[in-house]
Amino acid sequence: MHDIRSIRDNPQAFDAALKRRGLESMSAQILGADETWRGVSTELQNALAKRNEASKAIGAAMGQKDFAKADALKAEVAALKDSIPALEEKEKETGAALDAMLAAIPNLPAADVPEGADEHANIEVSRWGEPKAFDFTPQDHADFGPALGLDFEAAAAMSGARFAALRGGMARLHRALAQFMLDTQTGQNGYEEVNPPLLVRDATLYGTGQLPKFAEDLFQTTEGRWLIPTAEVSLTNLVREQIVADATLPLRFTALTPCFRSEAGSAGRDTRGFIRQHQFEKVELVSICRPEDSAAEHEHMLASAEGILQALGLPYRKMLLCTGDMGFSAAKTYDLEVWLPSQNCYREISSVSNCGDFQARRMNARYRPEGEKGTRFLHTLNGSGLAVGRTLVAVLENYQQADGSVRIPEILHHYMGGIKQLTPR
RNA sequence: GGAGAGGUGGCAGAGUGGUCGAAUGCGCCGCACUCGAAAUGCGGUUUACGGGCAACCGUAACGUGGGUUCGAAUCCCACCCUCUCCGCCA
């Protein structure tokens, strides 16, 4: 949510930032709606002030048992009463129109975000690790995975496309990855483990920015709740409508949860394999911090995600997303892309975003700065640390052997109960 | 799912139609006392929006949304949430 006052103060800057996102100027429209609302609001407030004054006089007359005077006053106020309901209605309408306008506008990009229309304008910041040279042609996990317990057919039979069942060693490897990630984020990087709700209300999704614009990407239950598309929703909303104590900041949360996405907009993309599923697991990182700390917190979160890839020995590159490729709520986003030998390219495995105060405004999440009167909005950040399903794919493909087996990265051995490789059945 | 109780400021907790934005206590801030601290005393201490250079003024908010009324924390309705008991259940 945008601060209407900052738009009033500097509409040109607002429009310029929208333009960087590839959007039309909106300040004129917004300020028009704002002016309408303020006009009606002032009119209503004046009417209410008059009514309140008269009502007080009636109260005073009643207190002195002067009922004749009270009745006379009542008749006077009754006339005033007619205009109030209409004004109230109008105030609500114009206010809602302004809010709806503001709620549908994405966050403004940070100054150091490169401008561009789509992912082609993203900037590669760095690379880590060397793609391994195979002495055979590396296979697609969708091809050699089924023999190792990656069962697409049985899952499709019960649930349809974009579902998979993991069996035996494959299920264990998936669990090992998730446990390793969670242990690392809690043990080394200072995140508090959370087991959050997976079903949430409208207002919760509004807070993080999935609603009102992106309902078609989500699954909704028959009684109205929504399945979370990412634990970012649950973790960030832990501070909704709260005033957090300054001394407790930053709050760093992590959770291993399933994520549910309809993938409505990606028909035909990544239909093969385990890359794009309706249901997948992810270890999410969320940080709630002071505005002045969010840039540093962003780097810490990025390092926390990168640490997992490094520990697993998976080559990756770090991309700074351009204005046109960022999500709705983000002011600045880095993607981590892992090397997939079968596709001979890097694929997104983590996305780490600083949302500034955008989500905090929508959730009304504040803190009381030490030694200051009043409250300020928090900054929120989120990132994957990492997407477990895609990490499984990366491990399978990068550690595959010519005979169709897969070596288990050493760091996972004790999570695997001594299993050191997956072998085709 | 059934029955009942309840949701008030940072916290606890009064308040059942008329200067109630709200007593009191705790907490917090300032001052006094003190070498200093504690204790004590005095004063201050909600938020949002609008207007104003400012002092300040106005409006709204007692779970949320409606209603009754000249006037609602207080009465009525719906919903949400919490607690207790019963039922069911991993």
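Note that the coordinates shown come from a computational prediction; the quantities given were computed from them, not determined experimentally. In what follows, chains are A, B, ... by sequence order, proteins preceding strands, each numbered from 1.
Here the C1' atom of nucleotide B:rU59 and the CD atom of A:E53 are 14 Å apart, to the nearest Å. Atom CG in A:L87 sits about 15 Å away from atom P in B:rU59, given to the nearest Å. The distance between atom CD of A:E91 and atom C1' of B:rU59, rounded to the nearest whole Å, is 10 Å. When the P atom of B:rC80 is taken as reference, atom CD of A:E241 falls 17 Å away, rounded to whole Å. Straight-line distance from the CD1 atom of A:I84 to the C1' atom of B:rA60: 13 Å, rounded to whole Å. Here B:rG52 presents its P atom at 9 Å from CZ of A:R38, a figure rounded to the nearest Å. Atom pair A:R225:CZ and B:rC79:P shows a separation of 15 Å (rounding to whole Å applied). A:D202 has its CG atom 18 Å from the P atom of B:rC79, to the nearest Å.
For the P atoms, the distance linking B:rC88 with B:rA14 amounts to 36 Å, nearest Å. With both ends at atom C1', the span from B:rG13 to B:rG2 equals 32 Å, rounded to whole Å. Rounded to whole Å, the separation between the C1' atoms of B:rC53 and B:rG15 comes to 41 Å. Rounded to whole Å, the separation between the P atoms of B:rG21 and B:rU59 comes to 10 Å. B:rG66 and B:rA12 have their P atoms separated by 28 Å, given to the nearest Å. On the P atoms, B:rU16 is 25 Å away from B:rU68, given to the nearest whole Å. Across the P atoms, B:rG87 and B:rA3 are found 15 Å apart, a figure rounded to whole Å. Comparing the P positions of B:rG52 and B:rG63 gives a spacing of 34 Å, expressed to the nearest Å.
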Full working for side chain to side chain contact (heavy atoms under 4.5 Å, CB included) between A:I228 and A:T204
CA-CA 10 Å; A:I228 58 168; A:T204 309; over 6 Å; no

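Between A:F274 and A:H174, the ring-plane angle classifies as perpendicular under the 30° and 60° cut-offs. Aromatic ring pairs are classed by plane angle as parallel below 30°, tilted from 30° to 60° and perpendicular above 60°; the pair A:F163 and A:H278 is tilted.
For RNA chain B, each stem of at least three Watson-Crick or G-U pairs (distances under 3.5 Å) is given as range with range: B:1-7 with B:80-86, B:10-12 with B:24-26, B:27-32 with B:40-45, B:46-51 with B:56-61, B:63-67 with B:75-79.
Proximity note for A:R366 (side chain, C-beta onward) versus B:rU59, B:rU47, B:rG50: the nearest is B:rU47. Here the side chain of A:R201 is nearest to one of B:rC49, B:rA48, B:rC81, namely B:rC81.
Within the nucleic acid shown, A:T42 comes within 4.0 Å of sugar-phosphate atoms alone, with no base atom in reach, counting heavy atoms only.
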Scan nucleotides 63-69 of chain B against the protein and return all N/O pairs shorter than 3.5 Å with their distances rounded to 0.1 Å.
residue: B:rG66; atom: OP1; partner: A:K92; partner atom: NZ; Å: 2.2

Using a cut-off of under 3.5 Å, enumerate the N/O to N/O pairs linking the protein to nucleotides 16-22 of chain B.
residue: B:rG18; atom: N2; partner: A:S55; partner atom: O; Å: 3.0

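Under a 4.0 Å N-O distance rule, the pair A:R252/A:E297 qualifies as a salt bridge. Taking the charged nitrogens against the carboxylate oxygens, A:R390 and A:D270 have no contact shorter than 4.0 Å, which rules out a salt bridge. Salt-bridge annotation for A:K19 and A:D15: absent, with no side-chain N of the basic residue lying under 4.0 Å from a carboxylate O of the acidic one. Salt-bridge formation is detected for the pair A:E306/A:K318: a Lys NZ or Arg NE/NH1/NH2 atom is positioned less than 4.0 Å from an Asp or Glu carboxylate oxygen.
Between A:S41 and A:I243, it is A:I243 whose nearest contact on RNA chain B lies nearer the 5' terminus.
Counting atom types as modelled, A:Q45 pairs a side-chain N or O with a base atom of B:rG58 as donor and acceptor under 3.5 Å.
Side-chain N/O atoms of A:N52 include none lying less than 4.0 angstrom from OP1 or OP2 on B:rG58. In this model, the phosphate group of B:rG50 is approached by a side-chain N or O of A:R8 to a distance below 4.0 Å at OP1 or OP2.
Taking the ring axis of A:Y415 as reference, the NZ or CZ atom of A:R175 does not stay both within 45° of it and closer than 6.0 Å to the ring centre.
Residue A:N382 holds its CG atom at 6.5 Å from OG1 of A:T230, rounded to the nearest 0.5 Å.
Across every non-hydrogen atom of A:Y399 and A:L314, the tightest pair is CE1-CD2, 4.0 Å.
Not one N or O on the side chain of A:R162 forms a donor-acceptor pair closer than 3.5 Å with the backbone of A:S262. Under a 3.5 Å cut-off, the side chain of A:D325 and the backbone N or O of A:D118 do not form any donor-acceptor pair.
Within a 6.0 Å radius of CD in A:E292, more than 12 heavy atoms belonging to other residues, nucleotides or ligands are found.
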